[in-house]
Amino acid sequence: MYRWHKIWFNVRICKASSLLKSNNCSRSFSTGRYVRKDHITQDLEKQFKELRDKVTAALPGSDWSPIKLTHGLPPERVDIVIVGGGVIGWSIAYWLKNKVMSRDSLRVLLVEKDPTYSQASTVLSAGGIRQQFSLKENVQLSLASANFLKNINEHLGVVNEDPIDLQFNHSGYLFLASQASAHIIEENYVIQKEQGAKVMLLSPSKLKERFPCLNTDGVALASLGLENEGWFDPWTLLNAFRRKAMSMGVYQCFGEVTGFRCSTQNAETMDGDLLNIRRIKHVNVQMANSLEYQPVECAIVVNAAGAGSGKIAEMAGIGHGPKTSMMSIPLPVEPRKRFIYVVHCPEGPGLECPFLIDYSGVYLRREGLGGNYITGMSPEENEEPDCSNLDVDHDFFQEKVWPHLAHRVPAFEGLKVTGSWAGFYDYNTFDQNGIVGLHPLVNNMYFATGFSGHGLQHSPAVGRAVAELILDGGFKTIDLSAFDFRRVFNLEPMLESNIV
Amino acid sequence: MATSMLFQMRRYCPLVPCLTVARRHYASKPPSVFNKFLLQFNQRFLEVEYLIRLGNWFKTRDVRRKNVFYVYAQKKYGVNVAAAYCILKLGGGFRFAGQTQWFRSDTKGKFSFDFVNTPDCTIEEIDLSSTLINHDGLHNLTSQHNLRSLHLQGCPEVDDWFLSRLHVFGESLQELNLSHCPRITVGGLAALQHLRKLQKLDISSLPRLQNPGLVHILVEEMLPHCTVTGAEYDQGLQIQTDN
Ligand SMILES: Cc1cc2nc3c(=O)[nH]c(=O)nc-3n(C[C@H](O)[C@H](O)[C@H](O)COP(=O)(O)OP(=O)(O)OC[C@H]3O[C@@H](n4cnc5c(N)ncnc54)[C@H](O)[C@@H]3O)c2cc1C
């Protein structure tokens, strides 16, 4: 049909221009008339063009609508607003839709402030997945996520798009322990085995045999992941979640959440304490590059803003309550800057290179096949770098990372730094573990944040857990009730010893 | 004029708005006519998502049926018989340790159940070339700790996750043939490092390897005691230097 329109318009335009040509002949006689005619034909042409554009726009396949809209404004009313479009946010969106197989009975809006993802930790991460954790919940989350990634095309495949290729590299994590920390690795090994993870302990001599390039001085014990460990491309996973969630009808909006409108209710506990219970009614979404903002009415808010989730919680009044109440406790998640350095070293370990985690905190993994590696480490608590920007501190590599690295893998004496970047950990200052669940006093804000450097690998399972919590009212597959916010109030940290 | 007409159309025909907004999210690549139709319906009815899933489910049904985990057989007859049954069901063949005779299914997929009588025999050699085995089916075989040789030539469902499970045979496997498997990439070959006893490995003709020559060298370095058959060393190297 479209083609016919085109031909039809073209004929009209031809006619118009032939009119113009015939006028050309009479030019010498009457210039005034020519100018007027020319004007008319131009006008005509312009109108044709406008009409043609309009018709094209109204045809199927374009996003034109008769009512003038600011492009990308979010809907005014939805059921669930997810704040933050990182991998956790999109995973939750996908699982919510997956559980309710209907387009409009559950309206989900995901708000992301940065369409380029320039600061999101998802795309700046090292992309590793491992089973070697010390808490059983974390091991379970990893196993479930590995299973998800294994069958990713069944879960996230979309008609008419290429199959997803995560570029998964199956090389296990190799944790090294000194004499002082060997017992921790042994304890963790027992927990991991119990949960069904495939891990192997290596003595220093075995270690030397398996990885001749390593210097085993000071190593008392090592543990190597055999299966379901390795690294992959985070951007592909994020995009796959996003593509699938959008095809299932999740609304996406590029804007920043700047505040909430809440209603407050007073309640009394059994002990007679007065409680201030809040409920978020509207989420204010400020559009990117404009002053326009739109309040979105919603029933549930999910805080998955990664490193920025502390701020989001603050907007809902969390951390600003009377001293004794739970409201006075802020969400203990803040950005912490971590550097990753890309180094080139042709003599380095080859295809067998594991994701090496030294007891000094330095980690190393291969990147591609051309003798490139990425490395880094977490700084001491009192030497945390400034988090206002994403600049890389190169002295940190020279002074802290390189000496340890060259000690462990002597081939790296002769390395060359070829690149570097920095990203923010969504760092939980309380116990370096995820916070998943409802806030007790803002009773429609769910958290899924604070994963402190292992959020990417847990995203598929965490998304499912949050969707279960919202739609089924409780955890069905993996019990994450230990990750509830209450532990912060009760001062009962869930300490994870394997934080990289 | 067009506007008011469209307004009216919108009022009287609820499908029109769905058609006008349908393709918003799919601007990247023009879909085929059938998929276009599906996509537009998908915007309206999520049930299409179900249909697509169902379609996929049917497509992969054969693979799933062939790779089920034979719990019942394992309980009743033991792990060895279950493994043998799984192999024959898939259309492969095997040889018990200490025997020279190969068990195979015939062209119609029929086989004799003689192996049920020897539940204590472990399997030494498995030939699953051109079968539909995948990582789920491998689960049936992981009990075979005496497995020496495994042939997986041209298996369409053998992928990197499959290779990452082969570590269970780390202490016994001596010969592995992975040639012509269309889904294997270098990320999976890295997992073969756990096969410390491997003496012969065939990784020739893997279409998804971008520079097979380089990968050949790297695999040889990773498994120093193993003879690796694969692409010529310079194959694909040229492309890499060009980049
Ligand atoms: C250097 C580095 C290495 C890492 N390595 C690994 C690893 O090997 N393995 C692993 O599993 N994990 C790793 N991680 C951790 C992992 O990247 C994170 O835990 C994970 O990506 C968190 O995902 P997210 O979706 O919660 O956060 P993000 O990806 O940061 O997404 C949050 C999003 O919220 C948006 N947002 C924030 N505030 C607002 C607002 N007010 N309104 C709207 N949107 C907002 C942001 O723009 C951002 O896009 C690493 C992290 C870093 C920094």
Side-chain angles (χ1 to χ4, degrees), chain A residues 51 54-55 57-66 97-98 100-105 146 149-151 153-154 157-162 165-172 198 200 209-210 212 224 226-232 243 246-249 252 349-354 366 368-370, chain B residues 1-4 6-7 10 17 19-29 31-32 35-36 38-40 42-50 52-53 56 60 135 160-161 163-165 167-168 170 185-194 196 210-211 214-215 217-219 221-223 240:
Chain A
L51 191 63
K54 257 188 202 166
V55 174
L59 284 172
S62 82
D63 56 2
W64 177 85
S65 129
K97 278 291 180 184
N98 187 31
V100 180
M101 273 303 233
S102 129
R103 180 155 289 272
D104 262 351
S105 66
L149 299 182
K150 197 182 281 183
N151 301 315
N153 275 305
E154 276 160 41
V158 177
V159 233
N160 195 50
E161 301 272 351
D162 298 332
D165 177 15
L166 280 180
Q167 295 166 25
F168 201 105
N169 195 89
H170 296 264
S171 302
K198 304 284 185 293
M200 177 166 90
E209 195 187 312
R210 279 298 302 273
L224 175 66
L226 297 173
E227 200 181 313
N228 295 336
E229 294 202 346
W231 55 86
F232 59 92
R243 202 175 72 173
M246 299 230 316
S247 89
M248 294 169 93
Q252 170 184 242
L351 206 55
E352 73 277 14
C353 179
R366 184 165 54 77
L369 302 175
Chain B
M1 184 203 74
T3 320
S4 63
L6 206 90
F7 254 136
R10 270 181 179 237
L19 288 179
T20 52
V21 295
R23 266 197 50 212
R24 266 180 203 183
H25 311 312
Y26 296 92
S28 57
K29 201 168 72 180
S32 75
N35 281 340
K36 217 153 139 184
L38 267 190
L39 288 175
Q40 295 198 347
N42 193 11
Q43 294 297 314
R44 188 91 192 146
F45 307 107
L46 211 64
E47 287 77 6
V48 173
E49 188 83 32
Y50 269 133
I52 292 162
R53 268 203 203 177
N56 281 341
T60 54
H135 48 79
D160 295 343
W161 292 93
L163 298 191
S164 80
R165 291 217 67 186
H167 70 87
V168 291
T185 70
V186 65
L189 292 178
L192 298 183
Q193 57 174 298
H194 303 299
R196 305 312 293 174
Q210 262 148 12
N211 22 36
L214 176 66
V215 172
I217 298 174
L218 288 171
V219 172
E221 272 178 16
M222 178 174 82
L223 298 164
Q240 211 206 7

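Reminder, nothing fancy here: chain letters follow the sequence lines and each chain counts from 1.
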Student: To check you understand the geometry: which heavy-atom pair defines the closest contact between A:Ser171 and A:Pro354, and what is its length?
Tutor: CB-CA, 4.4 Å
Student: Out of B:Gly188, B:Ser164, B:Gly170, return the one with the most heavy atom pairs under 4.5 angstrom to chain A.
Tutor: B:Ser164
Student: Between A:Leu224 and chain B, with a heavy-atom cut-off of 4.5 Å, which part of the residue counts as in contact: side chain, backbone, both or neither?
Tutor: side chain
Student: Which region of B:Val219, side chain (C-beta onward) or backbone (N, CA, C, O), has a non-hydrogen atom less than 4.5 Å from a non-hydrogen atom of chain A, or is it both or neither?
Tutor: both
Student: On a heavy-atom basis, which atom in B:Met222 and which in A:Leu351 lie closest, and how many Å separate them?
Tutor: SD-CB, 3.9 Å
Student: Is it true that A:Trp231 and A:Phe168 have ring centroids separated by less than 6.0 Å?
Tutor: no
Student: Which bit of A:Asn153 comes within less than 4.5 Å of chain B, counting heavy atoms only: side chain, backbone, both or neither?
Tutor: neither
Student: Of all of A:Arg210, A:Lys198, A:Glu209, which one pairs up most often with chain B through heavy atoms under 4.5 Å apart?
Tutor: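 Highest number of pairs under 4.5 Å: A:Arg210.
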Student: Between A:Asn228 and chain B, which part of the residue has a heavy atom less than 4.5 Å away: side chain, backbone, both or neither?
Tutor: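 Both backbone and side chain of A:Asn228 come within 4.5 Å of chain B.
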Student: Could you tell me which portion of B:His167 (side chain, backbone, both or neither) has an atom closer than 4.5 angstrom to a non-hydrogen atom of chain A?
Tutor: side chain
Student: So which atom in A:Asp162 and which in A:Arg243 form the shortest heavy-atom distance, rounded to 0.1 Å?
Tutor: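 Residues A:Asp162 and A:Arg243, closest heavy atoms: O-NH2, 3.4 Å.
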Student: Over all heavy atoms of both residues, which pair between B:Ala190 and A:Arg366 is shortest? Give the atoms and the distance, please.
Tutor: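 Closest approach of B:Ala190 to A:Arg366: CB-NH2, 4.1 Å.
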Student: Write down the atom of A:Leu149, the atom of A:Phe232, and the distance for their closest heavy-atom approach.
Tutor: CD1-CE2, 3.9 Å
